[in-house]
Amino acid sequence: MKNIFYTLLCILLLFLWSCQKKEQLKAIETPVLSEDIHAHSEKTNNYDWLSEHTWIFRSGHYEPYNHLIFRKLEIPLESDVYQVRLRKEYFYFYYQTKEEREKLFPISSASDTQHFEIEFSDNFSRMRRYWNGYSYSTGNRVGQMENPEYPIVGIWGSLPSLNEYRLVDPVDCVYSMEITEPGIGWGLPGNSIRIGTYLLFQTGERTFETKSSFPDGHFRVEIKYDKEIWLIPLFTLPDEEGYIGSYYIIVRID
């Protein structure tokens, strides 16, 4: 009888100890580790950590500057946003506010940090831009005015300084992505990835797309891991304009 009693007592004590241990484990709050950054981002819908790191094309050559720069998009409400393409090689964005129609403010550009003053002449057929009080560029309109309400829309200048301005709707865009150099590899024909700035809106968990008025400005950005991003072109190019891959891998190098 004594053996049975001691056996039951041991089982009871073991059960009570197990219950106490479980309660202690429940009270421990599991921290969010840097390796689990995706799970944290999906819960908070916040990917601002993209802008805190240095990114580069995996097959690119390493240089002492960023190849991709992510920034939080911050522009005044009800601004008019223009996407500009220089030839077929470079994208960038400006915005105008309702109160200052004579100014153009660059969006998330590492090369331009101050606004431009713009001046039209010859019945909006000629445009001059001033930067810091100095004449920066002058161009004649190519073709007819497309929209009297937005006289800057259209094609200006001549090669090699041929710029096309188009309106773009920035609704739902939360980040910008600047490609400072294609850096996709050596010996590829053409410049298939246009350098410059892109606006990103979220389409799913860890997935973004670019907002573009130009077909060759459409990309999907997929966050695969906390140190790897895939840049997927959503367009094709004629053979003479260069090779375009199905996707490009972007890696974090800091």
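Predicted model only: the values in this text are computed from it and were never measured.
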Margin query: Could you check, using the six-membered ring where one of them is a Trp, whether Tyr82 and Tyr95 have ring centers closer than 6.0 angstrom?
Written below: no
Note to self: Measuring centre to centre across the rings, with the benzene-like ring taken for any Trp, is Phe208 within less than 6.0 Å of Phe219?
What the structure shows: no
Counting C-beta onward and ignoring hydrogens, is there a side-chain heavy-atom pair between [X] and [Y] closer than 4.5 Å?
{"X": "Lys103", "Y": "Arg101", "answer": "no"}
{"X": "Tyr47", "Y": "Val221", "answer": "no"}
{"X": "Val81", "Y": "Ile107", "answer": "yes"}
{"X": "Phe91", "Y": "Thr197", "answer": "no"}
{"X": "Thr207", "Y": "Gln202", "answer": "no"}
{"X": "Phe235", "Y": "Leu237", "answer": "yes"}
{"X": "Leu167", "Y": "Tyr150", "answer": "yes"}
{"X": "Phe116", "Y": "Phe105", "answer": "no"}

To the nearest 0.5 Å, tell me how far [X] [atom1] sits from [Y] [atom2].
{"X": "Ile152", "Y": "Glu146", "atom1": "CD1", "atom2": "CD", "value": "12.0 Å"}
{"X": "Ile75", "Y": "Phe93", "atom1": "CD1", "atom2": "CZ", "value": "10.0 Å"}
{"X": "Ile56", "Y": "Ile250", "atom1": "CD1", "atom2": "CD1", "value": "9.0 Å"}
{"X": "His218", "Y": "Ser213", "atom1": "NE2", "atom2": "OG", "value": "7.5 Å"}
{"X": "Leu199", "Y": "Thr210", "atom1": "CG", "atom2": "OG1", "value": "8.5 Å"}
{"X": "Asp172", "Y": "Leu73", "atom1": "CG", "atom2": "CG", "value": "11.5 Å"}

Check: Is the shortest distance from a Lys or Arg side-chain nitrogen in Glu178 or Arg71 to a carboxylate oxygen in the other one below 4.0 Å?
Finding: yes
Item checked: Name of the residue among Glu164, Arg129, Met127 meeting side-chain contact (heavy atoms from CB on, under 4.5 Å) with Trp156 -> Met127
Any side-chain donor near an acceptor of the partner, [X] and [Y], under 3.5 Å:
{"X": "Tyr94", "Y": "Asp80", "value": "no"}
{"X": "Gln83", "Y": "Ser212", "value": "yes"}
{"X": "Tyr92", "Y": "Asn163", "value": "yes"}

Tell me if a side-chain donor or acceptor on [X] pairs with a main-chain N or O of [Y] at a distance below 3.5 Å.
{"X": "Arg126", "Y": "Glu119", "answer": "no"}
{"X": "Lys211", "Y": "Val171", "answer": "yes"}
{"X": "Tyr90", "Y": "Arg87", "answer": "no"}
{"X": "Ser135", "Y": "Tyr130", "answer": "no"}

Can [Y] be reached from [X] by stepping across I, L, V, M, F, W or Y side chains whose heavy atoms are under 4.5 Å apart?
{"X": "Ile118", "Y": "Met145", "answer": "yes"}
{"X": "Leu234", "Y": "Phe201", "answer": "no"}
{"X": "Phe70", "Y": "Ile195", "answer": "yes"}
{"X": "Leu104", "Y": "Phe120", "answer": "yes"}

Check: By salt bridge (charged side-chain N to carboxylate O under 4.0 Å, His left out), which residues pair with Asp254, not counting sequence neighbours?
Finding: Arg252
Checklist line | Results of side chain to side chain contact (heavy atoms under 4.5 Å, CB included) for Asn123 - residues two or more places apart only | finding: none
Notebook entry, point to check: What do you reckon, is CG of Leu77 surrounded by more than 12 foreign heavy atoms closer than 6.0 Å?
Noted result: no
Note to self: Around atom CD of Glu52, are there more than 12 heavy atoms from other residues, nucleotides or ligands closer than 6.0 Å?
What the structure shows: yes
